[in-house]
There are 2 protein chains.
Amino acid sequence: MFDSRHLRVLREVARTGSYSAAARELGYTQPAISQQMRALERAAGTPLVVRVGRRMRLTEAGEVLNRHAATILSALASAEEEVAAIAGLRAGRVRVIAFPSGSSTLVPAAIAKVTRRHPGLRVEFAEAEPPESVERLREGDCDIALAFSYDGDDPDQDAEGAVADLAAVPLCADRLYAVLPAGHRLARRRRIRLADLAGERWIAGCPRCRGHLVQACAAVGFTPAITFSTDDVAVVQGLVAADLGVALLPGLALDSVHHSGVVARPVEPPSVRRITAYTLPDLAAVRSIAVTLDSLREVAAELPSRA
Amino acid sequence: MFDSRHLRVLREVARTGSYSAAARELGYTQPAISQQMRALERAAGTPLVVRVGRRMRLTEAGEVLNRHAATILSALASAEEEVAAIAGLRAGRVRVIAFPSGSSTLVPAAIAKVTRRHPGLRVEFAEAEPPESVERLREGDCDIALAFSYDGDDPDQDAEGAVADLAAVPLCADRLYAVLPAGHRLARRRRIRLADLAGERWIAGCPRCRGHLVQACAAVGFTPAITFSTDDVAVVQGLVAADLGVALLPGLALDSVHHSGVVARPVEPPSVRRITAYTLPDLAAVRSIAVTLDSLREVAAELPSRA
DNA sequence: AAATTTTACGAATGACGTAAGTATA
DNA sequence: TATACTTACGTCATTCGTAAAATTT
């Protein structure tokens with residue numbers, strides 16, 4: 001296997017017809033060129049240059065190798081350039097997966113920020129709910145997974161959402177609001193005690209997503225009567241506005257869609273979900289991914305609805 | 001500039017998803033692979049692999065570089081193969097320039113011998129008279145120049161035809177014959193004294209080629225009366241057969257064309273020309289050229305007409 | 001005599017393997 | 001516990017530059 005540096009030397013020797021000229025051109029000393037050519041000839045198993053008078057001329061094998069060297073060196077140059085573009089954030093792709101209510105606020109703002117700073121970066125995006133998004137991160141389907149969790153949700157994450165084998169970037173705490181019809185008897189209160197909603201009909205997420213609601217209600221002594229089940233925040237609010245029940249929604253969801261016929265009030269005891277961005281530990285060292293995480297963190301810090 | 005060995009390691013790591021598997025595959029130890037990958041990442045300026053669980057997966061930059069590596073490595077492999085073919089005499093071209101009377105006997109036989117032994121070699125051939133053929137050798141127009149010379153012809157060659165800055169392979173001594181019409185008064189003698197031909201009309205080569213004849217005659221005390229001038233041996237013999245003169249021809253020329261109406265007899269004092277193959281000193285180390293020189297030497301040794 | 005290549009040699013750098021340490025399933 | 005990657009370190013090979021010799025115009 002030929003050394004690419006040797007091929008570059010060969011090309012320069014072929015072009016200039018002289019070792020010393022090639023040395024000057026490439027920033028070596030003469031003897032270095034001489035030695036590199038000898039090494040190349042040893043590797044080739046045949047002379048590559050002949051000395052005629054005081055200039056150097058390529059043999060047939062030298063000419064052949066020089067032709068290939070052109071191909072090889074240009075492929076190497078374009079590889080170098082493309083990799084450098086990725087390392088220098090002039091190109092590259094970052095794949096983000098987020099849960100739906102993060103998608104409409106946090107993620108678009110972060111993507112906008114990243115691409116404003118680094119126009120060559122392409123940030124791809126897909127939606128998935130927390131357990132699935134982290135799975136897909138582990139499987140290599142994405143680079144960053146946005147997930148949310150409630151305290152005590154998952155035993156192997158700590159207070160900041162860190163998981164053993166993933167790098168976690170805590171973004172923000174997303175407060176939960178009681179969502180009531182505008183004309184509800186408690187609508188004028190600034191805060192609403194969850195226990196006061198014990199007798200209401202509830203609109204909740206799908207069975208997999210309603211865990212926190214059920215748990216929070218249980219903590220204050222009741223089981224919510226869930227009469228509608230939907231993960232669509234617009235639908236939830238439509239149902240509430242029609243006086244068909246009440247709901248518990250996170251601030252981010254209310255930022256993205258806020259029906260005029262409903263009011264949202266912080267609940268007591270206060271309840272929050274932690275929003276965390278995850279990536280693989282090694283991927284955090286990839287600059288394009290790091291800057292995307294930075295932008296997510298910045299956008300989250302500027303959110304109005306954080307707790 | 002990336003090291004091609006590193007690229008091969010990257011390819012193997014990408015294929016197997018494991019450093020140890022790549023190490024087994026390439027005949028290295030694990031740590032060697034680990035270090036090569038680190039060196040490659042340092043050169044790339046960005047991580048190329050991520051460790052997920054116990055397997056290694058390529059990053060975007062890794063994938064990009066791996067794609068280029070395929071191109072580069074295949075170009076390297078074909079360069080290696082083509083150069084090895086030349087070094088191994090399975091391919092290659094040897095350019096020979098010879099004087100005309102060498103062309104019809106020595107050279108064809110040598111070419112046949114070379115290509116029988118090494119069917120992949122292509123021996124090219126062109127004609128030129130001695131002073132020109134050596135010039136073209138120095139200019140890189142050919143690899144081997146066949147030339148002849150007479151003693152004392154050229155002060156900077158020694159008894160074997162060696163010239164200071166060229167590699168010389170003495171091939172054979174080519175005896176000169178007096179060529180007479182079959183009915184000539186001296187035709188029955190076994191040897192002919194040049195002095196006995198002092199009164200004849202002579203057929204000689206072109207002014208540039210007749211030097212030796214004039215000199216040899218002068219040495220025995222006469223100046224030949226040159227009435228016809230041609231470098232074509234067939235024409236020379238035709239003229240002799242028509243009793244228009246006598247000539248002095250080398251054995252090789254008579255081997256190629258022998259008119260039935262003439263007789264050829266060694267002259268006294270004996271006169272020979274030395275036939276020598278020249279090449280550039282460095283080119284003698286090129287195997288295809290060396291084997292061609294060998295074949296020329298062998299063919300010359302088998303010639304019937306050597307002195 | 002000026003320029004170029006080769007040879008010789010010493011210093012710095014780099015690469016590989018062994019062995020021990022850390023992490024994963 | 002077995003497999004795989006990383007780190008540490010000693011050794012060996014390679015590479016480069018300086019200096020001197022040989023060669024060419």
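Note on naming: letters A, B, ... go to the chains in the order of the sequence lines (proteins, then strands), and numbering restarts at 1 for each one.
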Go through [options] for me and flag the one nearest to the [X] side chain.
X: B:Arg54; options: C:dG17, C:dT6, C:dA25; result: C:dA25
X: A:Met56; options: C:dT6, D:dG17, C:dG17; result: C:dT6
X: B:Tyr19; options: C:dT7, D:dC5, D:dT15; result: D:dC5
X: B:Gln30; options: D:dC16, D:dC5, D:dT7; result: D:dC5
X: A:Ser20; options: D:dC16, C:dC16, C:dT5; result: C:dT5
X: A:Ser18; options: C:dT4, D:dC5, D:dT7; result: C:dT4
X: B:Gln36; options: D:dT7, D:dT23, C:dC16; result: C:dC16
X: A:His6; options: D:dC16, D:dT15, D:dT6; result: D:dT15
X: B:Tyr28; options: D:dC5, D:dT25, C:dC16; result: C:dC16

Which part of the nucleic acid, if any, lies within reach of B:Arg38 when heavy atoms closer than 4.0 Å are counted: base, sugar-phosphate only, or nothing?
sugar-phosphate
Determine whether the side chains of B:Ser20 and B:Ser18 contain a donor N or O and an acceptor N or O closer than 3.5 Å.
yes
Assuming nearest nucleotide by heavy-atom distance, tell me which of A:Thr29 and A:Gly53 is located more 5' along DNA chain D.
A:Thr29
